[in-house]
Amino acid sequence: MKKNKSTLKVGDKIEIHIANQKYVSQVINVINENTYIILGPIKFGSIIKIPNGKEIKIMYSLKNKGRMWFESIVEKNSNNNIYKLLIRKTSDVNKVQQRQYFRLKKIIDVYITNEVNKPIKGFAEDISGKGMKIVTKEKLKLDDKLNIELNINGKSLSITSNIVRKVFDSRTGNYYYGIYFEEIHKGCKEDIIKFIFEEQRILRKKGLE
């Protein structure tokens with residue numbers, strides 16, 4: 001790995017990313033530029049156990065540099081009064097490409113099926129390079145796997161996704177699901193990002209943004 005000045009310090013706030021889950025944490029010791037001790041994740045008062053050898057992504061913000069991230073592996077976890085993880089960096093520090101996270105609010109026709117290929121009637125209300133929000137009358141569960149098919153600039157895209165957020169509106173009877181693109185080809189993601197920024201350019205030209 002290359003040396004990178006974007007290193008962490010004791011007390012820095014960080015995020016632990018595991019698959020599609022995000023947990024707030026903090027650096028409590030710096031062993032060297034590649035090895036840190038951080039607070040283990042806790043959610044709703046319960047410890048989220050992360051086994052030794054688990055690969056995790058660390059994200060954090062640096063003043064005047066933006067959002068940074070690196071891959072790491074859990075070398076050791078301990079729970080003597082304080083739940084801690086000893087992690088070792090396994091990649092260079094990279095800057096988050098914010099364009100992947102810009103969310104375009106636009107109604108988009110999508111074809112949705114579940115794991116047993118059952119069609120789910122609904123539509124997308126917004127989209128980003130990482131996921132979308134879908135609206136449907138169907139009651140689904142968090143972590144359900146979905147296949148999303150959509151047409152972007154004449155290209156037919158198929159994306160394996162899963163549900164990470166769920167909100168029910170009792171007034172309309174609609175369910176709003178936050179969808180994370182779990183398996184998406186790089187070219188497919190670039191097509192979506194290109195579409196989003198082209199739509200944004202059109203809106204800006206019309207003075208609607």
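These numbers come from the heavy atoms of this one structure, side chains and all, not from hydrogens, waters or symmetry mates.
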Validation row: Ile38, Leu8 side chains within 4.5 angstrom (heavy atoms) = no
query = Under 3.5 Å, is there a donor-acceptor pair between the side chain of Lys166 and the main chain of Leu140?
reply = yes
message = Does the plane of the ring in Phe168 sit parallel, tilted or perpendicular to the ring in Tyr175? Use 30° and 60° as the thresholds.
response = tilted
Validation: residues 110-118 side-chain donor-acceptor distances under 3.5 Å, sequence neighbours left out:
from, atom 1, to, atom 2, distance (Å)
Asn114, OD1, Val116, N, 3.1
Asn114, OD1, Asn117, N, 3.2
Asn114, OD1, Lys118, N, 2.8

query = Does some side-chain heavy atom of Lys189 sit less than 4.5 Å from a side-chain heavy atom of Phe181?
reply = no
task = Could you tell me which non-hydrogen atom of Pro41 sits nearest to which non-hydrogen atom of Ile16, and how far apart they are?
result = CD-CD1, 3.9 Å
inquiry  = Determine whether a donor-acceptor pair (N or O, by modelled atom type, separation under 3.5 Å) exists between the side chain of Tyr83 and the backbone of Asn80.
reply    = no
key: Under 3.5 Å: donor-acceptor pair, side chain of Gln26, backbone of Gly11   = yes
query = Are side-chain heavy atoms of Ile107 and Val135 found at a separation under 4.5 Å?
reply = no
query = Stepwise, does the side chain to side chain contact (heavy atoms under 4.5 Å, CB included) test hold for Phe197 with Arg201?
reply = CA-CA 6 Å; Phe197 278 85; Arg201 184 188 66 79; over 6 Å; no
task = Indicate yes or no for a side-chain donor-acceptor contact from Thr136 to the backbone of Lys121 under 3.5 Å, with no hydrogens or angles considered.
result = yes
task = Looking only at non-hydrogen atoms, find the nearest pair between Ile163 and Lys141 and report the distance.
result = CD1-O, 3.5 Å
ask   = Who passes ring-ring contact (aromatic ring centres under 6.0 Å, His included) against Phe44, sequence neighbours left out?
value = none
ask   = Yes or no on side chain to side chain contact (heavy atoms under 4.5 Å, CB included) for Lys106 and Met132, after CA distance, side-chain angles and deciding distance?
value = CA-CA 10 Å; Lys106 182 180 175 69; Met132 62 170 51; over 6 Å; no
inquiry  = Please check this pair: side chain of Asn52 against backbone of Asn77, looking for a donor-acceptor N/O pair closer than 3.5 Å.
reply    = yes
task = Please confirm whether the backbone N or O of Arg88 pairs with a side-chain atom of Thr35, one donor and one acceptor, at under 3.5 Å?
result = no
task = Evaluate the side chain to side chain contact (heavy atoms under 4.5 Å, CB included) criterion for residues Glu71 and Glu55: first the C-alpha distance (whole Å), next the side-chain angles of each, then the deciding distance (0.1 Å), finally the verdict.
result = CA-CA 7 Å; Glu71 300 287 353; Glu55 295 180 347; 5.5 Å; no
request  = Quick one: closest heavy-atom pair of Ile196 and Gly129, and the distance?
outcome  = CD1-N, 4.1 Å
ask   = Is there a donor-acceptor pair closer than 3.5 Å between any side-chain N or O of Asn94 and the backbone N or O of Asp92?
value = yes
ask   = Are any of the side-chain heavy atoms of Ile108 and Phe195 separated by less than 4.5 Å?
value = yes
query = Where do Ser161 and Glu182 land on the side chain to side chain contact (heavy atoms under 4.5 Å, CB included) test, with the steps shown first?
reply = CA-CA 5 Å; Ser161 314; Glu182 191 171 61; 5.6 Å; no
key: Any donor-acceptor N/O pair, Lys13 side chain to Val24 backbone, under 3.5 Å   = no
ask   = Would you call Lys145 and Glu183 a salt bridge, taking side-chain N to carboxylate O under 4.0 Å as the test?
value = no
request  = Using atom types as modelled and distance alone, determine if a side-chain donor or acceptor of Asp126 lies under 3.5 Å from a backbone N or O of Arg103.
outcome  = no
key: Passing candidate, side-chain contact (heavy atoms from CB on, under 4.5 Å) with Leu86, options Val74, Ile31, Asn29   = Ile31
